[in-house]
Amino acid sequence: MGSSSRPKPRRLPEKLRAIRVALELSQEQMVRKLSYDESPLYAAQISQFEQGKREPPLALLLAYARVANLYVEVVIDDTLDLPSTLPANLKSEGVRRQTQADPKRRKSSNR
């Protein structure tokens with residue numbers, strides 16, 4: 001029974017920030033929009049998630065996906081880009097998988 005950590009999505013902080021910015025919400029407004037009832041949520045935690053200092057629990061990632069009208073895998077999977085417009089009209093709209101030839105395409109989801 002090892003205690004090694006699991007691989008963490010490298011693009012998660014970038015995507016969480018991109019979702020909040022695309023929705024034109026402050027960190028405080030994002031806390032309210034997420035309606036996360038599992039435990040208290042504060043703007044400082046949103047900041048830590050966006051900076052990659054902490055990783056949000058799965059239930060909170062699901063809340064982010066619902067607010068942006070995305071499948072949760074789009075938020076988590078490093079090979080998937082966020083759609084250019086959020087919230088998405090359709091959950092799969094604008095979702096693109098990164099290609100092997102273009103692994104550095106990270107800023108396309110930011111405005």
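Because the structure is predicted, anything quoted here is derived from the model rather than measured.
Of the inter-residue distances, the one linking Arg66 atom CZ with Ser35 atom OG reads 11.0 Å to the nearest 0.5 angstrom. Note that the CD1 atom of Ile76 and the CG atom of Leu62 stand 9.0 Å from one another [nearest 0.5 Å]. Expressed to the nearest 0.5 Å, how far CG of Leu61 lies from CD of Glu73 amounts to 13.0 Å. From Tyr42, atom OH reaches atom CD of Gln48 across 12.5 Å, with rounding to the nearest 0.5 Å.
By the neighbour-count criterion of 12 heavy atoms within 6.0 Å, atom NZ of Lys91 is densely surrounded, having more than that number from other residues, nucleotides or ligands. Residue Leu23 places its CG atom among more than 12 non-hydrogen atoms of other residues, nucleotides or ligands, all under 6.0 Å distant.
Under the 4.0 Å criterion applied to side-chain N and carboxylate O atoms, Arg20 and Glu50 are assigned as salt-bridge partners. Under the 4.0 Å criterion applied to side-chain N and carboxylate O atoms, Asp81 and Lys15 are not assigned as salt-bridge partners.
Looking at heavy atoms from C-beta onward, Leu86 lies out of side-chain contact with Val67 at the 4.5 angstrom threshold. The side-chain heavy atoms of Pro13 and Lys53, taken from C-beta on, include no pair separated by under 4.5 Å. When side chains are defined from C-beta on, Pro56 counts as touching Leu16, because their heavy atoms get closer than 4.5 Å.
Of all non-hydrogen atoms in Ala43 and Glu28, the two that sit nearest each other are CB-OE1, 3.5 Å. Considering all non-hydrogen atoms of both residues, Ile46 and Val31 come closest at CG1-CG2, 3.8 Å. Here the closest heavy-atom approach between residue Val74 and residue Leu82 is recorded as CG1-CD2, 4.0 Å.
One hydrophobic cluster, built from ILVMFWY side chains closer than 4.5 Å, holds both Leu58 and Leu60.
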Set out, in order, the CA-CA distance, both residues' side-chain angles and the distance that settles side chain to side chain contact (heavy atoms under 4.5 Å, CB included) for Leu80 and Tyr71, then state yes or no. CA-CA 11 Å; Leu80 295 176; Tyr71 291 112; over 6 Å; no
Intermediate values then yes/no, side chain to side chain contact (heavy atoms under 4.5 Å, CB included), Phe49 and Leu41: CA-CA 11 Å; Phe49 300 148; Leu41 182 63; 4.1 Å; yes
Carefully, step by step, assess Asn69 and Asn89 under the rule side chain to side chain contact (heavy atoms under 4.5 Å, CB included). CA-CA 7 Å; Asn69 197 32; Asn89 291 327; 5.7 Å; no
Would you sort out whether Met30 and Ile19 count as a side chain to side chain contact (heavy atoms under 4.5 Å, CB included), showing the intermediate values? CA-CA 10 Å; Met30 191 66 180; Ile19 289 169; 4.1 Å; yes
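Looking at Ser26, its side chain does come within 3.5 Å of a backbone N or O of Gln29 through a donor-acceptor pair. Remark: the backbone N or O of Arg11 is not paired with any side-chain donor or acceptor of Glu14 at under 3.5 angstrom.
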